[in-house]
Amino acid sequence: GLSDGGSGSGTDVLDGVQSCVDAGAKVVSMSLGCDGCFSAASEAFYNDIYDQNVLVIAAAGNSGSVVDHFPSGYPAVMSVASLDDDGMLSSFSTRNDQTEIAGPGRGVLSTVP
């Protein structure tokens with residue numbers, strides 16, 4: 001799995017998603033990824049998860065560009081962009097043809113200090 005600080009490998013992420021599916025999850029949501037790190041094996045994995053009727057959601061990315069970000073760049077993964085407190089796409093949010101939805105991601109109130 002990923003470290004307490006959130007770092008790890010692509011294999012660690014796949015293992016985590018598989019653990020969620022094995023535990024009966026029908027939705028897996030992740031706020032992680034990397035730019036330009038496509039993997040055919042990962043794409044096949046997410047396609048298989050999708051075929052099991054599991055929805056995988058991942059952050060579109062924080063590059064502020066149109067570069068492909070993964071795992072949100074795989075067709076079987078729903079890509080979520082960030083909106084600012086005015087309801088506009090956040091300046092840092094990745095935006096490309098794989099981005100499907102957007103939600104609050106900047107200026108969001110939290111109970112975490």
Side-chain angles (χ1 to χ4, degrees):
L2 300 177
S3 73
D4 289 343
S7 63
S9 69
T11 300
D12 293 331
V13 174
L14 298 180
D15 289 346
V17 171
Q18 188 63 59
S19 292
C20 291
V21 173
D22 291 346
K26 292 297 181 188
V27 177
V28 178
S29 179
M30 303 178 285
S31 182
L32 52 73
C34 58
D35 294 339
C37 57
F38 173 85
S39 158
S42 292
E43 181 176 39
F45 171 84
Y46 288 111
N47 286 340
D48 182 56
I49 296 298
Y50 180 84
D51 289 343
Q52 295 176 51
N53 296 315
V54 176
L55 175 62
V56 177
I57 304 165
N62 295 329
S63 68
S65 71
V66 297
V67 69
D68 289 333
H69 186 80
F70 296 95
S72 63
Y74 297 120
V77 176
M78 179 179 277
S79 178
V80 182
S82 167
L83 298 176
D84 64 21
D85 45 354
D86 291 323
M88 303 299 293
L89 195 62
S90 299
S91 62
F92 59 80
S93 191
T94 301
R95 67 227 47 229
N96 56 40
D97 60 357
Q98 189 59 30
T99 305
E100 298 177 68
I101 62 173
R106 181 173 176 265
V108 177
L109 296 178
S110 173
T111 58
V112 178

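- Each side chain to side chain donor-acceptor pair (under 3.5 Å) pair with one or both residues in residues 57-66, not counting sequence neighbours, appears once here: Ser63-Ser65, Ser63-Thr94.
- The disulfide bond (SG atoms under 2.5 Å apart) contacts involving residues 59-113 comprise nothing, where partners must be two or more places apart or lie in separate chains.
- Clustering ILVMFWY residues whenever any of their side-chain heavy atoms sit less than 4.5 angstrom apart, transitively, puts Val67 in a cluster other than the one holding Leu89.
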Sequence neighbours left out, cut at 3.5 Å: what donor-acceptor pairs do the side chains of residues 13-21 make with other protein atoms?
{"unit_1": "Gln18", "atom_1": "NE2", "unit_2": "Asp22", "atom_2": "OD1", "d": "2.8"}
{"unit_1": "Ser19", "atom_1": "OG", "unit_2": "Asp15", "atom_2": "O", "d": "3.0"}

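- Minimum heavy-atom separation, Val27 to Val54: N-CG1, 4.4 Å.
- Considering every non-hydrogen atom in both Ala58 and Pro71, the closest pair reads CB-CG, 3.9 Å.
- Under the ring pair (Phe, Tyr, Trp, His ring centres under 6.0 Å) criterion, no residue pair touches residues 91-113, with sequence neighbours excluded.
- A pairwise comparison of heavy atoms in Ala59 and Ser72 identifies O-OG, 2.9 Å as the closest pair.
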Residues 75-88, side-chain donor-acceptor partners within the protein, below 3.5 Å, at least two apart:
{"unit_1": "Ser82", "atom_1": "OG", "unit_2": "Ser90", "atom_2": "OG", "d": "2.7"}
{"unit_1": "Asp84", "atom_1": "OD1", "unit_2": "Asp86", "atom_2": "N", "d": "2.8"}
{"unit_1": "Asp84", "atom_1": "OD1", "unit_2": "Gly87", "atom_2": "N", "d": "3.1"}
{"unit_1": "Asp84", "atom_1": "OD1", "unit_2": "Met88", "atom_2": "N", "d": "3.0"}

Pairs of donor and acceptor atoms involving the side chains of residues 40-48, under 3.5 Å and at least two apart or interchain, shall be tabulated with distances.
{"unit_1": "Ser42", "atom_1": "OG", "unit_2": "Ser39", "atom_2": "OG", "d": "3.4"}
{"unit_1": "Asn47", "atom_1": "ND2", "unit_2": "Glu43", "atom_2": "O", "d": "3.4"}
{"unit_1": "Asp48", "atom_1": "OD2", "unit_2": "Gln52", "atom_2": "NE2", "d": "3.0"}

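- Note: Ser93 OG to Arg106 CZ = 12.0 Å, rounded to the nearest 0.5 Å.
- With sequence neighbours excluded, the residues satisfying side-chain contact (heavy atoms from CB on, under 4.5 Å) with Ser29 are Ile57.
- Applying the disulfide bond (SG atoms under 2.5 Å apart) test to residues at least two apart or on different chains, none of the pairs has a partner in residues 81-113.
- Nearest approach of His69 to Leu32, heavy atoms of both residues: NE2-O, 3.7 Å.
- With sequence neighbours excluded, the residues satisfying ring-ring contact (aromatic ring centres under 6.0 Å, His included) with Phe38 are Phe70, Tyr74.
- Partners of Ser7 according to the side-chain hydrogen bond (donor to acceptor under 3.5 Å, both in side chains) rule, which considers only residues two or more places apart in sequence or in another chain, are Ser3.
- Judged as a disulfide bond (SG atoms under 2.5 Å apart), the pairs with a partner in residues 29-78 (not counting sequence neighbours) are, in order, Cys34-Cys37.
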